Colleague: 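The structure follows.
The structure presented is a predicted model; accordingly, all values stated were derived computationally and were not measured.
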Amino acid sequence: MTRTKTERRIFTLGVILSFVFGTATISNAMHIMEGYLPLNYCIIWGAICIPFLVAGFFSIKKTISKHRKTLLILVMVGAYAFVLSALKIPSVTGSSSHPTGTGLGAILFGPSAMAIIGIIVLLFQAILLAHGGLTTLGANTFSMAIAGPFVSYAVYKICRKMNVSKSVGVFFAACLGDLFTYCVTAVQLAMAHPSEVGGFTASLIEFLGIFAITQIPLAIIEGLVAVVVMLGLESYAKPELTELGYMGV
Amino acid sequence: MTKNAKIVIALLFLVVVIAVTPLLLIHDSEFGGADGAAEEIITAINPNYVAWADPILEPPGGETESLLFCLQAGLGASVFGFGFGYLVARKKYKKKDDN
């Protein structure tokens, strides 16, 4: 990926900002009062997101300028994430959760582009729906818009390397990206709220029990829906998918 | 029916089955959000923990909240459907021009 000079500068700035905020708060951690510990984590996770968001911004900018006609697909992929993250589906644990919808876009547009799409969805939900939150935006962006999409992207690439068919690859990519998002959420919560007995591990098991187990059937649903959408796009948006490097590879 | 159409219908059927099964198997649950369950765990781990920030706009009740979630899904679905409609029509009329 070639970047212009200004783009490189802004990206570097993002990385520096990330480190400055990230390390500054870590070293301050001991001085933060009891009730404010999570603020610490809010800032760290937010800081970690910055470089990804910057890279995502340029990735989308590049896609739009170089592959103008794929803009419609990008918008559709964003709308897809919007729909899926609004659907709270019942699960085997007796709780409900919602899919993320970010895996599909990651396969087509690369994982960093989804950081931007994901944060838009999260902002909408945090501001209007009291779902998620502005203080936890960083942590949620990291799990849903960065960690999940990167796993989806990697899983898809690995599947293709192993000569697995496209549809099966899409299924595993979307499914595992979705599941991983909620595993990251559990880790984030366990880090911020270690149990008095058993510490981080005990908390992690508790949180994984809620988030990961609830998510398993939903992750399968997300995988299946992603395959359906991709089949549709394969038959109606061949030129765009070819331009994005999805077809024929 | 084409092969793809059959696969799509089968997959969507499977989606519905996976979503409905918990409702049929578990009767003593309201299927509350997993985030609410996490809140309970945090309180159990650290009873003194007080959430230090509140949502800026909290829907007054379940009805308003479901309205907003519907709007989100509706907006997304209309954009998505518009895109797909465009693509399908493009393919259809391109073929006619070629003939």
Colleague: Which heavy atom in Ile89(A) sits nearest to a heavy atom in Ala19(B), and how many Å separate them?
Modeller: CG2-CB, 3.8 Å
Colleague: Taking all heavy atoms of Tyr236(A) and all of Lys91(B), pick out the closest pair and write down the distance.
Modeller: CD2-CD, 3.6 Å
Colleague: Nearest 0.5 Å, what's the CD1-CG distance between Ile220(A) and Leu14(B)?
Modeller: 8.5 Å
Colleague: Would you say Leu25(B) and Val92(A) make side-chain contact, with heavy atoms under 4.5 Å?
Modeller: no
Colleague: Give, as side chain, backbone, both or neither, the part of Phe84(B) having an atom under 4.5 angstrom from any heavy atom of chain A.
Modeller: both
Colleague: Tell me, do Leu233(A) and Leu87(B) make a side-chain contact under 4.5 Å, heavy atoms counted?
Modeller: yes
Colleague: Which atoms of Leu23(B) are under 4.5 Å from chain A, going by heavy atoms: the side chain, the backbone, both sets, or neither?
Modeller: side chain
Colleague: Can you tell me which of Leu72(A), Thr185(A), Val77(A), Leu87(A) forms the most heavy-atom pairs within a distance under 4.5 Å of chain B?
Modeller: Leu72(A)
Colleague: For Leu71(B), which atoms come within 4.5 Å of any heavy atom of chain A: side chain, backbone, both, or neither?
Modeller: neither
Colleague: Drop me the distance from Ser91(A)'s OG to Ile26(B)'s CD1, to the nearest 0.5 angstrom.
Modeller: 7.5 Å
Colleague: At their closest point, which heavy atom of Arg90(B) faces which heavy atom of Ala237(A), and how far apart are they?
Modeller: NH2-CA, 3.9 Å
Colleague: Considering only heavy atoms and a distance below 4.5 Å, find which of Phe124(A), Tyr182(A), Tyr80(A) pairs most often with chain B.
Modeller: Phe124(A)
Colleague: So Val229(A) and Phe80(B), do their side chains get closer than 4.5 Å, heavy atoms only?
Modeller: yes
Colleague: Would you check if Met76(A) and Phe82(B) make a side-chain contact, meaning some heavy-atom pair closer than 4.5 Å?
Modeller: no
Colleague: Are the side chain of Gln72(B) and the backbone N or O of Val83(A) linked by a donor-acceptor pair below 3.5 Å?
Modeller: no
Colleague: So, taking the atom named CD in Glu234(A) and the one named CG in Asn4(B), what distance separates them when rounded to the nearest 0.5 Å?
Modeller: 7.5 Å
Colleague: Is there a side-chain contact between Val227(A) and Val8(B) (heavy atoms, below 4.5 Å)?
Modeller: no
Colleague: With only heavy atoms counted, which part of Gln125(A) is less than 4.5 Å from chain B, the side chain, the backbone, both or neither?
Modeller: side chain
Colleague: Counting heavy atoms not belonging to Tyr86(B), are there more than 12 under 6.0 Å from its OH?
Modeller: no
Colleague: Out of curiosity, Leu231(A) CG to Leu11(B) CG, how far, rounded to the nearest 0.5 Å?
Modeller: 7.0 Å
Colleague: State, to 0.1 Å, how close Pro22(B) and Pro90(A) come at their nearest heavy-atom pair, and which atoms those are.
Modeller: CG-O, 3.7 Å
Colleague: Less than 4.5 Å to any heavy atom of chain B: does that hold for the side chain of Thr136(A), its backbone, both, or neither?
Modeller: neither
